[in-house]
Every structure is written in C-alpha cells, then in structure tokens.
Protein chains: 2
Amino acid sequence: MSLRFALLGLLSDQSMSGYDLTKRFEQSMGNVWPARHSQIYPELNKLNNEGLIEIVAEGPRGRKEYQATDAGRAAVHHWLTKIPTEWSIRSEPLLRSFFLWMLSPEEARTYLRDYRTWFQQRLDGYNEIKQYWTPETEGEKASRVVLEAGVYQAEAAIAWANWALEQYGDPRDSDA
Amino acid sequence: MSLRFALLGLLSDQSMSGYDLTKRFEQSMGNVWPARHSQIYPELNKLNNEGLIEIVAEGPRGRKEYQATDAGRAAVHHWLTKIPTEWSIRSEPLLRSFFLWMLSPEEARTYLRDYRTWFQQRLDGYNEIKQYWTPETEGEKASRVVLEAGVYQAEAAIAWANWALEQYGDPRDSDA
DNA sequence: TACTGACATGTCAGAAAGTACATGTCTAAT
DNA sequence: ATTAGACATGTACTTTCTGACATGTCAGTA
C-alpha cells in the first residue's frame, strides 16, 4: 500500500507526470522507499481510475500531469492517522553485517569501509542540497525535515562503521 | 536473494529449525530484514534441495534442524564479496514523514512522538540485551556488533524526532 | 482428563516489486 | 541532415512477500 500513498502524497503537493515522479523516487523519495517507473505508471493509472488523482495537463510526448483529488488527499490523511505504521525497516547493508564473521578480517574491514564511504557520500550530498535548495511548497518544507533525518542517520551510520572497524581490528583509520 | 543468504548465514553459525529461524527473524534479524514463516519454510526446502543446507537432526513434531553445507557457506561468502550491496533502504516511518505537512500540527506532533517512543523502546530493548547477553559463537559476536548499529540508529532517530518536533512547533518536550 | 499454549511445518492466493522488453518524441549539437 | 540523449509511457514476466488457511504434537496445568 505504501507506494500508492507515496504517489498520492507527492501529487497532493504539486502536479507531476509519471516521469517526474520517477525522477523524484530516484533522488529523494527512493532513499526511504524505492520504486521504478514500471511500478509507478500502472499505479498511476489505477489511482486515476479510482478517482484519487486526475489529469490536470497534457504535454509533448504523451506527457500527462496528475494531481491528487480531494478524495486522494483524504486517503493520504486516513493512511497517516488511521493505518498503523509498519515500523520495521529493510536494510540489506545491515543484514550483511550479521555475516561479517564469515569473512577474513581484511574482507570485513573492506566491507565496513565501503559502508562508511557510501554513507559519507550520502551525507555530502545531503549537505550540498541543504546549502543550495530553498523549499517552497509545504511538501518541500516537509521534505527538508526528512532530509535532516537522512543527515542524522548517515552520521550515525558513519559513527557505527568507525566503531565496528575497531572491533574488526582496523589497524588505522584510513578512508575517513 | 537476500532472504536466502540470511538463512544460509544463520545456518552457517549454528544448526536451527525453521521454527527457530522464524523466532530469530521476529527478534533480531527482522529489524533489518523482515520475513515470516510462510516465506522461510519454502526457502529452506529449496535450499535443502540445492544442497546448500542439510538436515542434521530431527525432533518432536516433525522438527527438522538444518545446517549450512560447505557449498552453502561458500555461497554466502560469494554473496558478501562479489554481489554488489543494495544500499538503499526501505523505511515506512520516514516515508510517512514526507507527508506530515498534510496533517494538522497536533497530528504531526503525535506522529513524531510515536516515532520517538518506538525508537526509545527499541533502544531500551537493545540496552537490556547488551546487559544480559554474552555472545558465544562467532555469529553471535557479529550480531553483537550489529546490535550496536541499532543503538546508534535508534539514538539518531530519537534525536531527529526531537529536532523535528521543534520544527512542528512542539510546545514542550513531553514524552521523552 | 481436558484444556491451553507453545511448538512445529506446511500451502495457497493475491499483492507488491524487480527486470527486461518495447516504443516513440523532442531538442540540441555535430 | 543525422544523431545522441533526455523525455515520456507503457507491458510482460518473474520473483518476492504477505495474510490466511490448514494441520497436527507435546508439555504442563487445572
């Protein structure tokens, strides 16, 4: 159900095409909920058939811009306030960490350094965005708040990776 | 593919039944990669047919204890070192946060307080485990390292929630 | 002895998600 | 004039995941 409400929520803030939404998922949204265009387009058509979104403009190359209807916005509100949150998350990077004991110490350290590097790059990216982006719509202001969650998380991930590297006998902090 | 290697990895450390594995997912593993018994049992049978795990003991009520074979352990090693990590994570709690602007300030704060409470309980649980659990096998020692990741993450989540509550005009820090 | 709750394993249908295939348009640069 | 790359939307197949259904055993207790 989450994808459906993600789309509905984005289209409650501003009108967008499937293509725009796909890009949005590739950038920000995909960091917490990945989705490809092959999932997005069919879902948009379903949402449209159910009257939760509507086409507000058409453009070149068959471009269709959608916007949430009142019913759509109400559906998001219902989801947010009445449907219990699925708190558990899915993280392959941490799943893999359970099995670092099966690697040689050097292999384990390589993994942890990659882990740290990946989150460091995330963090750099986030800080870049923070510097040059001024949120305008209400939706963007909320996104800005979530961006900060990404910063907190990335910092925690890096701190953990450094701690874990010590556990796995890192000779010296190289790649930080 | 992840579930397959999660099972294989767990069965590389110690022999377990599907029931044991299910409980393991409900507790620790499920925090980073959820799975139900309806997914676990068929996967175990597949793994068994492929010779990646084998039955090492049988018990009451049809209980079957599995253990990874050498081929199984090799498969995990290959996965860890040769298959690129899927770095992006999936988090419904953060997805929902993108749409807090659609709620009234009070509703948004309620959500953020629930968010904080949930992670605080996680954190308490983790600290409890840290105090009373002594890892024995290599797999458990690695799990202990991942547990620490949970601590870092939960602390970051709580810190963020507090910051976000200020953004959403929290009159006073109540529930911390 | 009857019952409850934990133990234990499975299947099945449908939903969600991922990968690959497929097609076509518009713009800017060469 | 051609061509490359971004724009734009879709389908089809397969795998993964969830939720519900289904069955049965064993240990402890009332």
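Everything numeric in this text was worked out from a predicted model, so none of it was measured. Chain naming here is simple, since letters A, B, ... match the order of the sequence lines and numbering starts at 1 in each.
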Novice: Any side-chain heavy atom of R109(B) within less than 4.5 Å of one from L103(B)?
Specialist: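 With C-beta onward as the side chain, the pair stays apart.
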Novice: Tell me which residues in residues 56-66 of chain A lie within less than 4.0 Å of DNA chain C, going by non-hydrogen atoms.
Specialist: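 Residues of residues 56-66 of chain A that come under 4.0 Å of DNA chain C are, in numerical order, P60(A), R61(A).
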Novice: Between protein and nucleic acid, restricted to nucleotides 21-23 of chain D and to nitrogen or oxygen atoms under 3.5 Å apart, what atom pairs and distances do you find?
Specialist:
none

Novice: Can you measure L95(B) atom CG to dA17(C) atom P for me and round it to whole angstrom units?
Specialist: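 So the two atoms are 10 Å apart, to the nearest Å.
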Novice: From CG of L47(B) over to C1' of dG10(C), roughly how many Å is that when rounded to an integer?
Specialist: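 Rounded to the whole Å, the gap is 17 Å.
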Novice: Just how far, in rounded Å, is P of dG19(D) from CZ of R36(B)?
Specialist: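 Atom CZ in R36(B) sits about 5 Å away from atom P in dG19(D).
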Novice: Counting side-chain heavy atoms from CB outward, which of dA20(D), dT16(D), dA16(C) is closest to S38(B)?
Specialist: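 Ranking dA20(D), dT16(D), dA16(C) by closest atom to the S38(B) side chain puts dA20(D) first.
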Novice: Find the distance L7(B):CG to dT16(D):P and express it as a whole number of Å.
Specialist: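 Going from L7(B) (CG) to dT16(D) (P), I get 12 Å.
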Novice: Going by atom types only, do T69(A) and Q67(A) share a side-chain donor-acceptor pair under 3.5 Å?
Specialist: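 No pair is found: no donor N or O on one side chain lies under 3.5 Å from an acceptor on the other.
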Novice: Mind checking whether W160(A) and V145(B) have side chains closer than 4.5 Å, heavy atoms only?
Specialist: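 Yes; the side chains approach each other to less than 4.5 Å.
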Novice: Considering only distance and modelled atom types, tabulate donor-acceptor pairs under 3.5 Å from the side chains of residues 34-41 of chain B, sequence neighbours left out.
Specialist:
residue, atom, partner, partner atom, Å
Y41(B), OH, Y19(B), N, 3.3

Novice: Can E65(B) and S17(B) be counted as having a side-chain donor-acceptor contact under 3.5 angstrom?
Specialist: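 The answer is no; no qualifying pair exists.
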Novice: I'd like to check E148(B) versus K130(B) (side-chain heavy atoms, cut-off strictly below 4.5 Å). Are they in contact?
Specialist: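 Yes - at least one pair of side-chain heavy atoms lies under 4.5 Å apart.
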Novice: Does anything in residues 73-94 of chain B reach DNA chain D, meaning a heavy atom under 4.0 Å, and if so which residues?
Specialist: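 Going residue by residue through residues 73-94 of chain B, none turns out to have a heavy atom under 4.0 Å of DNA chain D.
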Novice: Where each residue is assigned the nucleotide of DNA chain C containing its nearest heavy atom, which of P42(B) and M1(A) is assigned the position nearer the 5′ end?
Specialist: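 The answer here is P42(B).
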Novice: Would you kindly say whether Q120(B) and D124(B) are connected by a side-chain donor-acceptor distance under 3.5 Å?
Specialist: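 Their side chains do contain a donor-acceptor pair, which is all the 3.5 Å distance test asks for.
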Novice: Does a side-chain heavy-atom distance below 4.5 Å link T85(B) with D114(A)?
Specialist: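 They are not in contact (no side-chain heavy atoms under 4.5 Å apart), so the answer is no.
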Novice: Can the positive tip of R96(A) be found less than 6.0 Å from the middle of the six-membered ring of W79(B), inside 45° of the ring normal?
Specialist: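 Checked: cation-pi criterion met.
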Novice: Between atom CZ in R4(B) and atom P in dT15(D), what is the gap in whole Å?
Specialist: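 Checked: the CZ to P distance equals 11 Å.
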Novice: For N45(B), does its backbone N or O pair with a side-chain atom of N49(B) as donor and acceptor, under 3.5 Å?
Specialist: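 Confirmed, N49(B) side chain pairs with N45(B) backbone.
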Novice: With ring centroids as reference points, do F98(B) and W33(A) lie under 6.0 angstrom apart?
Specialist: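 Ring centroids of F98(B) and W33(A) are no less than 6.0 Å from each other.
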Novice: Enumerate the residues from residues 15-27 of chain B whose closest heavy atom to DNA chain C is under 4.0 Å, giving them by residue number; use none for an empty result.
Specialist: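 The answer is S17(B), G18(B), Y19(B).
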Novice: If you look only at distance, which donor and acceptor atoms sit under 3.5 Å apart when one is on a side chain in residues 21-29 of chain A and the other is two or more places apart or in another chain?
Specialist:
residue, atom, partner, partner atom, Å
T22(A), OG1, G18(A), O, 2.8

Novice: Respond yes when some side-chain nitrogen or oxygen of Y41(A) is under 4.0 Å from OP1 or OP2 of dG10(D), and no when none is.
Specialist: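 Result: no.
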Novice: So does Q39(B) get a side-chain nitrogen or oxygen closer than 4.0 Å to the phosphate oxygens (OP1/OP2) of dT16(D)?
Specialist: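 No.
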Novice: Give the rounded distance in Å between these two atoms: CG of L3(A) and P of dA17(C).
Specialist: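 Between P of dA17(C) and CG of L3(A): 6 Å.
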Novice: Under a 3.5 Å threshold, yes or no: a donor from one side chain and an acceptor from the other, between E136(B) and T134(B)?
Specialist: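 There is no such pair between these side chains.
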Novice: Do I89(A) and L94(A) come within less than 4.5 Å of each other through their side chains, counting heavy atoms only?
Specialist: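 The answer is no; the side chains never approach within 4.5 Å.
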Novice: In whole Å, I'd like the distance from the CD1 atom of I55(A) to the P atom of dT9(D).
Specialist: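 Computing the I55(A):CD1 to dT9(D):P distance gives 10 Å.
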